[in-house]
Enquirer: 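This is the structure, below, for whatever I ask next.
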Amino acid sequence: MLPWRATDGGRPDPYHVWLSEIMLQQTVVATVIPYFGRFIERYPTVADLAAAPDDDVLGLWAGLGYYARARNLIACARAVVAAGGFPATIDGLRALPGIGAYTAAAIGAIAFDLPVVPIDGNVERVAARIGAVTTALPAGKAEIARVAAWLGEHAAARAAPGDFAQALFDLGASLCAPRSPSCLVCPWRGDCAGHAAGIAATLPRKAARAPRPVRFGTVFLLRDADGAIGLRRRPPKGLLGGMMELPGTVWEAAMPDAPPPMRAAWRDAGVVVHVFTHFELRLRVMAAEVAALPEGLVAAAVDAPLPSLMRKAVSMGLGGLD
DNA sequence: AAGTCGGGGCA
DNA sequence: TGCCCAGACTT
């Protein structure tokens, strides 16, 4: 049972629904579950979250990715508290930071039973197959939306929009899987034009993606006499915005020159390969032990909250010391 | 419409 | 190795 779902009979908590939907943006359920539990434990209500220091929230989000979500999460929580609660309309939800068309519909349907069909990747796939939409995405989006709206006219959807939406998610995550859908046992098989045409598994069609370029860089792991490591904070916006990182070079198509932050007995600890959405990064990790950290670096524990890329780099840099 | 923005799991 | 995931936001 998913921890953000309402127990039988009760209405789901809008705070839980909202938090889970933000975390679930482009993120699989299994990854979200432990983060959701830690957030609810530390911030039992949206007011607790709104009152928390930014760094605490970013730290608890570290590793989950798409850090703009965490920044918008804070802003949204404070807006909700200032307004006295979550808005119960699509327009009101859509106006909040971090809530787009999908998330507004999801919260509206699940938390407030508004008669809408949230279109995420799962529903997009289910609708494209049921309607046999062969127009490739993103051009086929409007056509898919019409099929989804038609699904929303179903009696089950009208009776319980929230349950219907979550049932569509479950269908897309199980039977109507991306690669090999289980059409023979699907409850929609008789109404699925994609299955009737024998093309269900090929839908939805998508435009070809551009190849992923490679960038190179170097980071420097310094450990002082107390065992602390030297970190700095990234700019508030952009990639890994607002998160802590190891000091290092810019990341470029060719390995940039790497002047270390101070004189030390540097050793090459290896290369971390990390794949982002639109480029691949090969990050060389240089490590050294020094008496004291240089100016501009913050002393942090080796297990300080970090993005996964930086966690991998720290792990690699420390590993060579033993 | 296209680009930016993480991370992990799976065939 | 490529694709996918309960997408939002900027340009």
Side-chain angles (χ1 to χ4, degrees), chain A residues 2-5 12 16-36 58 61-73 75-76 93-111 116-126 136-142 148 162 164-174 176-181 201-202 204-215 234-243 245 272-281 306-312:
Chain A
L2 300 177
W4 46 84
R5 287 201 178 168
H16 292 186
V17 174
W18 163 71
L19 179 60
S20 68
E21 288 299 338
I22 300 301
M23 290 182 164
L24 286 163
Q25 288 168 2
Q26 292 295 288
T27 309
V28 294
V29 167
T31 300
V32 166
I33 287 176
Y35 281 88
F36 180 83
L58 287 174
W61 194 277
L64 194 53
Y66 284 135
Y67 298 95
R69 294 186 295 174
R71 303 193 293 272
N72 286 329
L73 190 81
C76 185
L93 290 165
R94 179 67 182 80
L96 290 167
I99 298 183
Y102 160 75
T103 304
I107 298 172
I110 297 170
V116 291
V117 179
I119 304 178
D120 70 329
N122 287 311
V123 177
E124 198 169 61
R125 181 171 56 256
V126 171
L137 291 169
K141 214 167 179 179
F164 186 78
Q166 295 179 85
L168 278 181
F169 299 157
D170 291 343
L171 180 65
S174 56
C176 203
R179 288 185 174 77
S180 54
T202 71
R205 295 179 184 165
K206 300 192 176 179
R209 304 189 175 190
R212 200 191 324 263
V214 181
R215 295 183 193 172
R234 292 180 61 86
K237 293 184 179 179
L239 191 71
L240 308 178
M243 304 302 291
E245 69 169 358
V272 169
V273 178
H274 191 80
V275 180
F276 291 97
T277 304
H278 54 294
F279 68 95
E280 173 185 320
L281 179 64
L306 289 173
S308 289
L309 162 65
M310 293 299 159
R311 176 114 328 272
K312 286 194 285 187

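So that the names make sense, note that chain A is the first sequence line, chain B the second, and so on, each numbered from 1.
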Enquirer: May I ask you to evaluate whether A/His274 reaches the phosphate of B/dG7, defined as a side-chain N or O under 4.0 Å from OP1 or OP2?
Expert: yes
Enquirer: Round to the nearest Å and state the distance from A/Arg179 atom CZ to B/dG9 atom P.
Expert: 15 Å
Enquirer: Nearest whole angstrom, please: distance from the C1' of C/dA8 to the CD1 of A/Ile107.
Expert: 13 Å
Enquirer: Between atom OH in A/Tyr66 and atom P in B/dG6, what is the gap in whole Å?
Expert: 8 Å
Enquirer: Using a heavy-atom cut-off of under 4.0 Å over every strand shown, decide if A/Thr103 touches base, sugar-phosphate, or nothing.
Expert: sugar-phosphate
Enquirer: With rounding to the closest Å, how many angstrom separate the P atoms on B/dT4 and C/dA6?
Expert: 24 Å
Enquirer: When the distance from OH of A/Tyr102 to C1' of C/dC5 is rounded to whole Å, what number comes out?
Expert: 11 Å
Enquirer: What interatomic distance, in whole Å, is found between P of B/dG6 and the corresponding atom of C/dT11?
Expert: 16 Å
Enquirer: For B/dC5, does OP1 or OP2 lie under 4.0 Å from any side-chain N or O of A/His278?
Expert: yes
Enquirer: Taking for each residue the nucleotide of DNA chain B bearing the nearest heavy atom, is the 5' side occupied by A/Leu239 or by A/Pro138?
Expert: A/Pro138
Enquirer: Of all the nucleotides listed (B/dA2, C/dA6, B/dG6), which has the minimum atom distance to the side chain of A/Asp120?
Expert: C/dA6
Enquirer: Under 4.0 Å, heavy atoms only, any strand: does A/Thr27 hit a base, just the sugar-phosphate, or nothing?
Expert: base
Enquirer: How close or far is atom P of B/dC5 from atom CZ of A/Arg215, stated in whole angstroms?
Expert: 8 Å
Enquirer: So, does A/Thr31 get its side chain near the phosphate of C/dC5, meaning an N or O under 4.0 Å from OP1 or OP2?
Expert: no
Enquirer: Of the non-hydrogen atoms in A/Ala148 and A/Val123, which two are nearest, and what is the gap between them?
Expert: CB-CG1, 4.5 Å
Enquirer: Would you say the ring centroid of A/Phe36 lies under 6.0 angstrom from that of A/Trp4?
Expert: yes
Enquirer: Of the nucleotides C/dC5, B/dG7, C/dA6, which has the atom closest to the A/Phe276 side chain?
Expert: B/dG7
Enquirer: Applying a 4.0 Å non-hydrogen cut-off, can you work out what A/Ala139 is touching in the nucleic acid: base, sugar-phosphate, or nothing?
Expert: nothing
Enquirer: For A/Asn122 and C/dG7, what is the distance between atoms CG and P respectively, to the nearest whole Å?
Expert: 7 Å
Enquirer: Under a 4.5 Å cut-off applied to non-hydrogen side-chain atoms, are A/Val117 and A/Leu168 in contact?
Expert: yes
Enquirer: Please confirm whether the shortest side-chain N or O distance from A/Arg209 to OP1 or OP2 of C/dC4 is below 4.0 Å.
Expert: yes
Enquirer: Hey, do the aromatic rings of A/His274 and A/Phe276 have their centres closer than 6.0 Å?
Expert: yes
Enquirer: Rounded to whole angstroms, how far apart are CZ on A/Arg205 and P on C/dC4?
Expert: 14 Å
Enquirer: Look at all strands and tell whether A/Leu137 reaches a base, only sugar-phosphate, or nothing, counting heavy atoms closer than 4.0 Å.
Expert: nothing
Enquirer: Nearest to the A/Arg5 side chain among C/dA6, C/dC4, C/dG7, which nucleotide is it?
Expert: C/dA6
Enquirer: Classify A/Arg125 by what it touches in the nucleic acid, base, sugar-phosphate, or nothing, heavy-atom distance under 4.0 Å.
Expert: sugar-phosphate
Enquirer: Taking only the side-chain heavy atoms of A/Leu2 (C-beta and beyond), determine which of C/dA6, C/dC4, B/dG7 contains the nearest atom.
Expert: C/dA6
Enquirer: Which part of the nucleic acid, if any, lies within contact of A/Trp4, taking any heavy atom under 4.0 Å across all strands shown: a base, the sugar-phosphate backbone alone, or nothing?
Expert: base
Enquirer: Calculate the interatomic distance between A/Leu24 atom CG and B/dG8 atom C1'; express it in whole Å.
Expert: 14 Å
Enquirer: Under a plain distance cut-off of 3.5 Å, with no hydrogens placed, do A/Asn72 and A/Arg69 share a side-chain donor-acceptor pair?
Expert: no
Enquirer: Expressed in whole Å, how much space separates the P atoms belonging to C/dC3 and B/dG3?
Expert: 16 Å
Enquirer: Does a side-chain N or O of A/Tyr67 approach OP1 or OP2 of B/dG7 to a distance below 4.0 Å, or not?
Expert: yes
Enquirer: What pair of heavy atoms forms the shortest contact from A/His278 to A/Pro213, and how long is it?
Expert: O-CD, 3.2 Å
Enquirer: Return the 5'-most residue of the pair A/Thr277, A/Arg212 with respect to DNA chain C, ranking by each residue's nearest nucleotide.
Expert: A/Arg212
Enquirer: Which residue, A/Gly238 or A/Lys312, contacts DNA chain B at a nucleotide closer to its 5' end, judged by nearest heavy atom?
Expert: A/Gly238
Enquirer: Going by heavy atoms in the side chains, are A/Leu239 and A/Arg234 under 4.5 Å from each other?
Expert: yes
Enquirer: Can you name the closest pair of heavy atoms from A/Ile33 and A/Pro3 and give their distance?
Expert: CG1-CD, 4.3 Å
Enquirer: Are there any protein N/O atoms within less than 3.5 Å of an N/O atom in nucleotides 9-11 of chain C, and if so, which ones and at what distance?
Expert:
unit_1	atom_1	unit_2	atom_2	d
C/dC9	OP1	A/Gly98	N	2.5

Enquirer: Report yes if some heavy atom in the side chain of A/Thr103 is under 4.5 Å from a heavy atom in the side chain of A/Leu93; otherwise report no.
Expert: no
Enquirer: If you measure from the C1' atom in B/dG9 to the same atom in C/dA8, how many Å do you get, rounded?
Expert: 23 Å
Enquirer: Any base atoms under 4.0 Å from A/Gly172, or only sugar-phosphate, or nothing? Heavy atoms, all strands.
Expert: nothing
Enquirer: Under the 6.0 Å and 45° cation-pi test, does A/Arg212 pair with A/Phe279?
Expert: no
Enquirer: If you compare every side-chain N and O of A/Gln25 against the phosphate oxygens of C/dG7 (OP1, OP2), does one of them come in below 4.0 Å?
Expert: no
